[in-house]
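In each ligand, atom 1 is the first atom listed, and ligand 1 is the first ligand listed. Quick caveat, the model's predicted, so the values are computed rather than measured.
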Amino acid sequence: MNRTLSAFAVCGLLLTALCGCRNNIDISDNTAFTRDLFAMDTFMSVRAYGKNASAALNSSEKLISSLEKELSVTLPESDISRINSSGEPVRVSGNTAAIIDAAVRYGSLTDGALDITLYPVLRAWGFTTGEYRIPDSHELSELLEKVDYRQIQSEDSTVSVPENVMIDLGALAKGYTSDAVAQIMREKGVSSGLINLGGNVQTVGTKPDGSLWRVAVRNPYSPDTDMCVVEIADKAVITSGTYERYFTGEDGKNYWHILDPSTGCPADNGVVSATIIGESGIMCDALSTALFVAGTEKAVSYWQSGNEDFDMILVTNDRRMICTDGISDAFSSSCSMPVEVIHRA
Ligand code: ADP
Ligand code: MG
């Protein structure tokens, strides 16, 4: 009898404990929730901590999928596909208009190093399909006649481009997306979050214990290893590198997916990877591509001009790291490349 009673008592306690857990889930600020997804041709992982995390992740996932539907260059109903095929002014979403306007602005700030009208040239190289080939110079110069971001007309969320001009937002869409996810997390009350869109990282607040996030940056000369770690809070760390997408031609040379709009060929101006660190994801993404294309000297003078608030780590084709002074204290190298810290005049 006693035994039966105590068995009931144990069961009762267990049930109470289980019900207690179900009805009043104890989520501390340190409890991590992670959502892995594939969108925008990229593996993404979004992590948030604390009691608001789960709802924030649901909203983030919805947001990413709706942004993809607006921004994709391959989905036929997207804003971008409609702009590329219509020949008429196209009414677009506020998101699409904001990215296009930012892209045009960064195009002009970087003297055309960022040019979202490169799409026909990217297609000719096969970077959009994976059917890689090396276009000849005649084909490239014909295609380049249509490349110029200044031909984009954008006003009041209505965008038009001349016939045969096509745009693609691959250079900055992920940065815009990570900004939008970070904003949703903050709105939902998340104070600690980590957004990783295919290696492009954006952070919300600090780690739950109040310490800085440690973000590793890959070594472009050995992409399976890290070259350094940067410690940040509330910032994005976004890298463009030769190793991210490339093919080896029959001539044995590597051809990568970031093109120089002045030649139509993979940009080869001294930078093999450009990492930009700053508060705005879209700025970091736009500048990672643009300063990679611009090359070492122009990238350094762009940063020194102080137009915008960001830090950068460049890796040069003679195996040096150039690091701006704002990040040098929060940076630890894990490779053998020499590091040069640069300052504003
Ligand atoms: P990733 O998307 O691999 O992280 P980037 O942010 O540098 O790297 O974006 C590269 C993409 O941007 C390319 O795949 C292509 O779609 C597009 N692109 C390539 N060169 C340029 C350029 N000079 N200006 C604008 N877009 C570019
Ligand atoms: Mg970019």
Side-chain angles (χ1 to χ4, degrees), residues 39-44 68 71-74 78 80 84 99-100 102-130 132 140 143-144 146-152 165-179 195-202 217-218 220 223 236-247 255-269 271-278 280-295 298-299 310 312 314-315:
M40 303 182 175
D41 209 15
T42 304
F43 288 102
M44 303 183 167
E68 178 171 35
L71 306 176
S72 163
V73 72
T74 46
S78 76
I80 302 306
N84 288 347
I99 306 184
I100 290 177
V104 170
R105 194 169 77 83
Y106 281 107
S108 100
L109 282 170
T110 62
D111 290 331
L114 187 83
D115 195 323
I116 57 168
T117 62
L118 265 172
Y119 188 62
V121 187
L122 284 156
R123 235 175 19 174
W125 283 91
F127 285 116
T128 54
T129 56
Y132 299 120
L140 285 178
L143 290 170
L144 281 173
K146 295 286 173 193
V147 173
D148 187 346
Y149 65 95
R150 289 168 296 192
Q151 303 176 96
I152 301 170
V165 171
M166 297 176 105
I167 64 179
D168 132 67
L169 301 178
L172 69 178
K174 279 183 272 164
Y176 183 86
T177 303
S178 60
D179 276 338
I195 303 152
N196 183 343
L197 310 187
N200 286 357
V201 172
Q202 186 146 354
V217 182
R218 283 183 192 204
V237 180
I238 295 187
T239 301
S240 290
T242 49
Y243 58 89
E244 280 173 353
R245 187 172 299 184
Y246 68 93
F247 68 95
Y255 295 90
W256 45 87
H257 69 314
I258 303 172
L259 304 184
D260 185 337
S262 67
T263 62
C265 293
D268 195 8
N269 298 314
V271 175
V272 292
S273 93
T275 299
I276 310 294
I277 301 134
S280 150
I282 191 169
M283 170 191 73
C284 293
D285 204 359
L287 290 181
S288 74
T289 310
L291 299 184
F292 178 100
V293 172
K298 285 186 183 160
F310 68 95
M312 69 181 180
L314 301 177
V315 178

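Regarding atom 21 (C) of ligand 1, its nearest protein heavy-atom neighbour is Leu118 CD1, 3.6 Å. Scanning all protein heavy atoms for the shortest distance to atom 20 (N) of ligand 1 gives Leu259 N, 3.0 Å. Looking only at protein heavy atoms, the nearest one to atom 24 (N) of ligand 1 is Asp115 N, 2.9 Å. The nearest heavy-atom contact from the protein to atom 8 (O) of ligand 1 is Glu244 OE1, 3.5 Å. The single protein non-hydrogen atom nearest to atom 6 (O) of ligand 1 is Asp285 OD1, 2.9 Å, given as residue, atom name and distance. Ranking protein heavy atoms by distance to atom 5 (P) of ligand 1, first place goes to Thr289 OG1, 3.3 Å.
Between the O atom of Ala171 and the O atom of Asp285, the angle taken at the Mg ion (ligand 2) works out to 90° after rounding to 10°.
A donor-acceptor pair under 3.5 Å links the side-chain atoms of Asn269 to the main chain of Val293, judged by distance alone. Looking at Thr42, its side chain does come within 3.5 Å of a backbone N or O of Met40 through a donor-acceptor pair. Using a distance-only test at 3.5 Å, with no hydrogens or angles considered, no donor-acceptor pair links the side chain of Trp125 to the main chain of Trp256. Although no hydrogens or angles enter the test, the distance criterion places no donor-acceptor pair under 3.5 Å between the side chain of Ser72 and the main chain of Glu68. Distance alone, capped at 3.5 Å, is enough to place a donor-acceptor pair between the Asn84 side chain and the Ile167 backbone. Although no hydrogens or angles enter the test, the distance criterion places a donor-acceptor pair under 3.5 Å between the side chain of Asp179 and the main chain of Ile282. No donor-acceptor pair under 3.5 Å is formed between the side chain of Glu244 and the backbone N or O of His257.
Of the candidates Ala294, Ser262, Ser288, Ser240, it is Ser240 that places a heavy atom closest to atom 7 (O) of ligand 1. Proximity annotation for atom 13 (C) of ligand 1: of Arg245, His257, Lys174, Met40, His257 comes nearest, heavy atoms only. In this structure, of Asp168, Ile258, Asp260, the residue bringing a heavy atom nearest to atom 17 (C) of ligand 1 is Asp168. Comparing heavy-atom distances from atom 27 (C) of ligand 1 across Gly241, Cys284, Ala171, Gly175 singles out Ala171 as nearest.
Looking at Leu122 next to ligand 1, no N or O pair under 3.5 Å apart turns up.
The Mg ion (ligand 2) has no N, O or S atom of Leu287 under 2.8 Å away, backbone or side chain. Distance check for Thr289 against the Mg ion (ligand 2): an N/O/S atom falls below 2.8 Å.
The part of Ala113 lying near ligand 1 is the backbone, judged by heavy-atom distances below 4.0 Å. Heavy atoms of Val293 found under 4.0 angstrom from ligand 1 belong exclusively to the side chain. If you look at Leu172 next to ligand 1, there are no close heavy atoms at all, none under 4.0 Å.
Here the straight-line distance linking atom CG of Leu197 with atom CG of Asp285 works out to 9.0 Å at 0.5 Å rounding.
Listed by atom number, the atoms of ligand 1 under 4.0 Å from Leu114 heavy atoms are 24 (N), 25 (C). Within ligand 1, the atoms closer than 4.0 Å to a non-hydrogen atom of Pro261 are 23 (N), numbered from 1 in the order shown.
Ring to ring, Phe127 and Tyr132 are close: their centroids are under 6.0 angstrom apart.
Between Val121 and Leu144 there is a side-chain heavy-atom pair separated by less than 4.5 Å. Thr117 places a side-chain heavy atom less than 4.5 Å from the side chain of Ile152.
Surrounding OH of Tyr243 are more than 12 heavy atoms belonging to other residues, nucleotides or ligands, all under 6.0 Å away.
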